[in-house]
Number of protein chains: 2
Amino acid sequence: MNTLDTAYSALSDPTRRAILARLALGEASVGELRAPFAISAPAISRHLKVLEDAALIARTRKGQTLVCRLNPAGLKTAREWLDHYAAFWNASFDRLNTYLKEKP
Amino acid sequence: MNTLDTAYSALSDPTRRAILARLALGEASVGELRAPFAISAPAISRHLKVLEDAALIARTRKGQTLVCRLNPAGLKTAREWLDHYAAFWNASFDRLNTYLKEKP
DNA sequence: ATGTTAATTAACATATTTGCTAAATACAAG
DNA sequence: CTTGTATTTAGCAAATATGTTAATTAACAT
């Protein structure tokens, strides 16, 4: 599985996107990240592992707790793929628009 | 499943990203899209359905063939989510950098 | 009408994902 | 060193994803 596979796959789950949104506001422990969800500790742990494997977050132990923070590098990869093709897409769209306008 | 779920899930498969990359160069029939892959017709058909359900492409019949083209609107949604949070991420990263530089 | 090409749907096998509970590990505190 | 808190790993069940072959539908051409 390449980087884009794991990154987009990780982003496809709403719980994981919510976790990222939370982490955008600042780092948080696993327990803190779990609090808003009606979901077991192992379930959150797995979501975090998926995000970590996708290089979207990093975890470091701080005493008894594991602190999670965003990993901007991983997200950059995902954005770049979309942004790259967006250029083509918009170009195609523009051509279509031009075509439609010139047609009558 | 909401729009972002289906969009990112669709993007997580390399075959589907390759299909999108191909369509960025211009519309193509199902058969043409299939050609580069060692994969059955039903398999391609399903990939295209996933992309269509995610609003990333559109298909229209043209005589005997189905012509596929990109749907820029769907991609825009996916990009916007990433771009929105990228702002936070970069900000966090900047704060971290500042912190690390000021520390010594 | 019949055969051919393009593409989808049906039916099935296998692998992955997600969630749960119970058990294990890591650290802190008394 | 025993207990409590934070988190992960193990084991299991249900749902989802992906690919295959066989059968079906749509459009075209003879």
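Note that the structure is a prediction, hence the values are computed from the model and not measured. Below, chain A is the first sequence line, B the second, and so on; all start at residue 1.
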Starting at the 5' end of DNA chain C and moving along, which residue's nearest nucleotide shows up first, B:Ala41 or B:Arg46?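 Result of the comparison: B:Ala41.
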Touch check for [X], heavy atoms < 4.0 angstrom, all strands: base, sugar-phosphate only, or nothing?
{"X": "A:Ser9", "answer": "nothing"}
{"X": "B:Ile44", "answer": "nothing"}
{"X": "B:Arg34", "answer": "nothing"}

Parallel, tilted or perpendicular: which one describes the rings of B:Tyr8 and B:Trp81, with boundaries at 30° and 60°?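 Taking B:Trp81 first and then B:Tyr8, their aromatic rings stand perpendicular (interplane angle over 60°).
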Compute whether any side-chain donor of one residue and acceptor of the other, for A:Arg34 and A:Ser40, lie under 3.5 angstrom apart.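 There is no such pair between these side chains.
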In terms of side-chain heavy atoms of [X], which of [options] is nearest?
{"X": "B:Arg59", "options": "C:dA11, C:dT8, C:dT18", "answer": "C:dT8"}
{"X": "A:Val30", "options": "D:dT8, C:dC27, C:dA7", "answer": "D:dT8"}
{"X": "A:Ser45", "options": "C:dT18, D:dT20, D:dT8", "answer": "D:dT8"}
{"X": "A:Ser40", "options": "C:dT21, C:dT18, D:dT7", "answer": "C:dT21"}
{"X": "B:Asp13", "options": "D:dT18, C:dG19, C:dA7", "answer": "D:dT18"}

Rounded to whole Å, how long is the line connecting atom [atom1] of [X] with atom [atom2] of [N]?
{"X": "A:Leu66", "N": "C:dC27", "atom1": "CG", "atom2": "C1'", "answer": "11 Å"}
{"X": "B:Arg17", "N": "D:dT18", "atom1": "CZ", "atom2": "P", "answer": "12 Å"}
{"X": "B:Glu52", "N": "C:dT8", "atom1": "CD", "atom2": "C1'", "answer": "12 Å"}
{"X": "B:Glu32", "N": "C:dA6", "atom1": "CD", "atom2": "P", "answer": "10 Å"}

Mate of D:dT30 where both pairing distances stay under 3.5 Å, Watson-Crick or G-U: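 When the pairing criteria are applied, C:dA1 turns out to be the nucleotide that pairs with D:dT30.
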Does C:dG19 have OP1 or OP2 under 4.0 Å away from a side-chain N or O of A:His47? yes
Strictly below 4.0 Å, N to O, side chains only: are B:Arg17 and B:Asp13 in salt-bridge contact? no
Quick check for you: to the nearest 0.5 Å, what is the distance between B:Lys76 atom NZ and B:Asp83 atom CG?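 B:Lys76 NZ to B:Asp83 CG: 11.0 Å, rounded to 0.5 Å.
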Nearest nucleotide by nearest heavy atom, which residue falls closer to the 5' end of DNA chain D, B:Ala43 or A:Gln64? A:Gln64
